[in-house]
Amino acid sequence: MRKAQPFINGCWINSGRPVVQVRSPYSGEIIGEQLLSTKEDVENALSSAFQAKKEIAGIPVYERANILKKASSLLDSRKETFAKFISEELGKPLKNTLDEVSRSVETLEQSAEEAKRLIGETIPGSASQRGTKALAMTFRVPVGVVAAITPFNAPLNLICHKIGPAFAAGNSVVLKPAPQTPLIAAELLKLLLEVGFPKHGINMVLGGAEVGQQIVQDDRVNVISFTGGVAASRNICDLAGMKKVLLELGGNAATIVHEDADLKRAAALCALTGYSNSGQSCISVQRIYVHETVVEPFTKLFKEKVEQLKVGDPLSPDTDIGCLVDERAAERVMNWIKEAVQSGAELITGGKQHGATVEPTVLLNPPKQSKVVCEEVFGPIVSIIPYCTIEEAIAETNNSSFGLQAGLFTNRMDVIYQAAKELEVGGVVINGTSNFRLDHWPYGGVKNSGIGREGPRYAIQEMTEMKMIVFQDPY
Ligand code: NAD
């Protein structure tokens, strides 16, 4: 049986804490257990991280980079095992978890590479009358302690996106993984320690919101790097006080299929990326705005592709759709489908629940105010919504409290320029869907989708301060 324990001040906590069983959401079987952290554990973790600041900042960059590189290689050699672990714990199909582990390997490797690019600049003073005999140099220095709080849906890669850059930058970390996926977090931590990650460079505490709240309130933390939902992020901002807060939040991502689009390609990509991990991705294709002249053929092609997706056991290599994180999530998704259909949407396919699994569901024309349009579904529902002009499609995409990424299928340069300029999102994908991310790119959103950008190079900027040293010529 696998076990997740708090890791505090360089030691695993083995007993004397409340124990919670971890079950596979697909089979219901017990696959492990986690020991929840007490208030005292969190206090000790914060104190340990604070004390380790100097030690971690003092590790030469080449050594930090080597450790991250070794972690990346070891993870690569254990790809299948890690993928299986995530599939068991989350119900995410092996196809997706193999991809997640490969991405995590890259995230760690890129963090190692970026560690070596912590550079500054020299700025002559003579641009000012008062500075003719002065010169400034800037350096990137670690912030100190980074709090890393992560969600369940990509439970390995999103931890790598925080620990990798934080350590590359020379910070110590307090990690709080999602309560639904503690086992994979513990597995990664063991791997890091195996390759020589300094044992005081990371503390891990386990539990839910209350553990996160204790961390974010504490003034020994310098930067909070949070990935999760809007409700939690608002609470974090209320509690954080003067700390820098980086927020990677959700969305109700739109993809536009224009009249000249390659409909086959658009339908295939929307089906692939609208339902991966049962739609539990912050950039999952949720709303497809389709030009009214091609709605009929697109809907037919899309339905065909969606019905080809294989629903089943996440551990089976040919499964495309596993289950949601738990049965409660599946019930919520079913209620949203019902609400949309009752208010006028046409159910094209899907709409059935089996345990924590919801069949990939396509809705046509749900009303603007329905939850499946204006809130984050985080489940396997995709809606097709016809539009008349590109201006209307852009306005409807922007008619959202979120703005993470958007997709656009067209070859018309005028449409591409207009959409790229006017869409209120962190990234626009041309001839692809909203759900495309490479881990070295700057990733993040506007509005309720977040603050700041992730991706090792950009996260390192956020997790370091600029320090200036000034030289005055005394002669
Ligand atoms: P969540 O917000 O419920 O929880 C995320 C983490 O925050 C968990 O570890 C949780 O225990 C902790 N937490 C919850 N409330 C907290 C509080 N008040 N103070 C401190 N910590 C708190 O999110 P979730 O259900 O695990 O994940 C789904 C959400 O994450 C979706 O909205 C999804 O879009 C978003 N997400 C965003 C990205 C991105 O990069 N933008 C990536 C993946 C997921």
Side-chain angles (χ1 to χ4, degrees), residues 4 20 25 34 36-37 42 89-90 92 96 100 103-104 107 147-162 174-182 184-185 204-218 221 224-240 243 245-253 276-286 324-326 328-329 332-333 375-379 400-405 425-427 434-439 441-455 458-459:
V20 176
Q34 62 171 322
L36 300 182
S37 301
V42 182
E89 193 170 6
L90 182 56
K92 186 172 178 174
N96 300 141
E100 182 177 347
R103 289 180 57 180
S104 309
T107 304
I149 302 181
T150 53
F152 67 80
N153 63 322
L156 183 69
N157 194 27
L158 294 176
I159 294 180
C160 293
H161 265 292
K162 303 200 183 303
V174 177
L175 168 67
K176 195 207 84 63
Q180 301 93 333
T181 49
I184 193 66
M204 180 171 77
V205 286
L206 300 175
E210 64 303 330
V211 172
Q213 286 165 329
Q214 192 181 341
I215 298 169
V216 300
Q217 283 181 59
D218 198 285
V221 169
I224 298 165
S225 177
F226 171 79
T227 301
V230 178
S233 75
R234 286 193 183 277
N235 183 230
I236 288 171
C237 289
D238 286 344
L239 299 172
K243 295 173 207 88
V245 182
L246 308 170
L247 302 174
E248 294 288 336
L249 310 178
N252 58 347
S276 53
N277 195 20
S278 287
Q280 296 169 121
S281 156
C282 45
I283 42 176
S284 200
V285 178
Q286 177 174 327
L324 285 116
V325 67
D326 52 38
R328 230 177 39 178
R332 177 190 57 80
V333 166
E375 293 187 28
E376 179 179 38
V377 168
F378 224 57
S400 165
S401 61
F402 297 107
L404 198 45
Q405 288 205 154
V425 287
S434 58
N435 194 352
F436 182 54
R437 174 186 186 186
L438 298 183
D439 293 272
W441 286 346
Y443 181 72
V446 299
K447 302 195 260 186
N448 278 349
S449 290
I451 300 173
R453 292 294 177 268
E454 212 157 66
Y458 310 94

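Along the sequence shown, residues carry numbers from 1. In listed order, ligands and their atoms are each counted from 1.
- Interface of Pro177 with ligand 1, defined as ligand atoms under 4.0 Å from a residue heavy atom, comprises 9 (O).
- Residue contacts with ligand 1, taken as heavy atom pairs separated by less than 4.0 Å, involve Glu376 solely via side-chain atoms from C-beta onward.
- Those atoms of ligand 1 with a heavy atom of Gly212 less than 4.0 angstrom away are 20 (C), 21 (N).
- Contact annotation: the side chain of Leu324 approaches that of Gln280 to within less than 4.5 Å [non-hydrogen atoms, C-beta and beyond].
- Numbered from 1 in the order shown, with element, the atoms of ligand 1 that lie under 4.0 Å from a heavy atom of Asn153 read 43 (C), 44 (C).
- Of the candidates Asp238, Asp218, Asn235, Asn235 is the only one forming a side chain to side chain donor-acceptor pair (under 3.5 Å) with Gln213.
- For ligand 1 and Thr227, the ligand atoms under 4.0 Å from any heavy atom of the residue are 5 (C), 36 (N), 37 (C), 38 (C), 39 (C), 40 (O), 42 (C), 43 (C), 44 (C).
- The Ala178 neighbourhood of ligand 1 comprises atoms 9 (O), with distances under 4.0 Å to a heavy atom of that residue.
- Within ligand 1, the atoms closer than 4.0 Å to a non-hydrogen atom of Gly208 are 11 (O), numbered from 1 in the order shown.
- Not a single heavy atom of Ala154 sits less than 4.0 Å from an atom of ligand 1.
- In this structure, of Ala185, Ala232, Gly228, the residue bringing a heavy atom nearest to atom 15 (N) of ligand 1 is Ala232.
- Remark: among candidates Pro151, Gly207, Ala240, the nearest residue to atom 27 (O) of ligand 1 is Pro151, based on non-hydrogen atoms.
- Every atom of ligand 1 is numbered from 1 in the order shown, and the set under 4.0 Å from a heavy atom of Leu158 is 42 (C), 43 (C).
- Taking each of Val216, Leu249, Leu206 in turn, the one with a heavy atom nearest to atom 37 (C) of ligand 1 proves to be Leu249.
- Residue contact check: Phe226 has heavy atoms under 4.0 Å from atoms 2 (O), 5 (C), 6 (C), 7 (O) of ligand 1.
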